[in-house]
Amino acid sequence: MNYYSLNKKAPNVTFKEAVIKGLAPDKGLYFPATITPLPKTFFDNIEYLSYAEIGFEMIKQFVSFDIPSDILKNIVEETLSFDFPTVTLNKNISVIELFHGPTMAFKDVGARFMARCLGYFNQNNTNEVTVLVATSGDTGAAVANGFLGVKGVNVVILYPRGKVSEIQEKQLTTLGQNIHALEVEGTFDDCQAMVKSAFLDENLTSKMQLTSANSINVARWLPQMFYFMFAYKELHKTFNDIVFSVPSGNFGNVCAGMMAQQLGLPVHHFIASNNNNNVVTEYLKTQRYNPKPSIQTISNAMDVGDPSNFIRIQEIYKNTFHTLKENLSSFSFSDKETKAAILELYRLYHYVSDPHGSVGYLGSKAYLKSNPDAHCVFLETAHPTKFLDVVERVIKVKQALPRQIQAVMHKNKVTTMISNYTDFKTYLLK
Ligand SMILES: *Cc1c(COP(=O)(O)O)cnc(C)c1O
């Protein structure tokens, strides 16, 4: 499979090169040159396929030739070694839980897949690769966990000081080994900007092999297609018109759902559910794309002012506004509405949801107002105890900590403080 740069000013590359480079030399995101829908038999037999079989069938064309089939099968199987259950709340709303992995957010899937691919590409390589990752909370944790102990790979995580939850911070600052955490005096956007600057800094890139583990990296982004298919497998017999509501920040997740749609997943609509960072909600209303500085909210993993994957979504729908609108709705909700939704989910369904999933629930309800026959599946993207303060304060019920979280709570945080790009560069060159 070849990948081209969405800026169209860089040569095409293979999967392997796209994974190692992260971003194209012309600063464009990579996009697969072809997308071949899966055969009808795949959908006819989906009931009988395991997570790993579904994942392998979905990803193989995007990896082809760079990783032998048997190894790719193993990678997919190891990546998906936990559950993705669905819970139906009522005849119009279900939820798929993506938080049963080691760091309890959906990003485990992409991070584990990417780490294993890079580990494979790097196995006979004597040069180290440095993975740079900017995080608003969950990415860093998932990437740190996925890459822990991977030979020849160093991970440097940048996160905004005081803007991630206590549990998220523990998850990204306590691992040690090849994982390093930088605490940035600034916002998530500042972290993301520093990572971008590093990639463009020839002074750095001539000295070290840098790559990104954000959802701009195709190996992080594409495996996120899988769980849309898992939800379909569970629910399509009971419900006809399935629509996904995806709590969105950088729009990698919803965009992966759209790739699953390109593979033939019979879903004709997506809902991008946003917090007050609502660039895309506004775009769909006005056709004007106005990036803004991010605003801090209780669904912090979605505090993104200029979503990096939106350009891929436009590519999928051929840069045609009306096609995009046919396939995507977007709604935005305040923290106050989000808290009310956490309470409502608990009162009506005894379902404890995290703030991100709750925004997805609100998006489902908003869509159902004008599409009452749809069945909306919202993605519960993180375990509620990752946002313990908010959740316990709202529902007033103490939550037991899952074992994955208990395991990090008592560990000591180790970080380096930085406040600007010069600090960052000095750290990398050291
Ligand atoms: C990252 C994240 C999101 C947003 O996903 P994008 O792919 O950036 O749109 C939503 N919820 C949680 C819990 C996350 O960690």
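Keep in mind that this is a model prediction, so the values were computed, not measured. Order of appearance sets the numbers: ligands from 1, and atoms from 1 within every ligand. As a basis for the values below, the full set of heavy atoms in this structure was taken, side chains included, without hydrogen atoms, waters or symmetry mates.
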Parallel, tilted or perpendicular: rings of Y51 and F230 (30°, 60°): tilted
Polar contact flag, side-chain donor to acceptor under 3.5 angstrom, Y351-E380: no
N-O pairing of E282 and K292 below 4.0 Å: no
Lys/Arg-Asp/Glu bridge criterion (N-O < 4.0 Å) met for E169, K413: yes
Distance-only side-chain donor-acceptor flag, S294 / D189, under 3.5 Å: yes
Protein residues having a heavy atom less than 4.0 Å from any atom of ligand 1: F106, K107, D138, P247, S248, G249, N250, F251, G252, N253, A301, M302, H356, T381, A382
Short side-chain to backbone donor-acceptor contact, D303 and T297, under 3.5 Å: yes
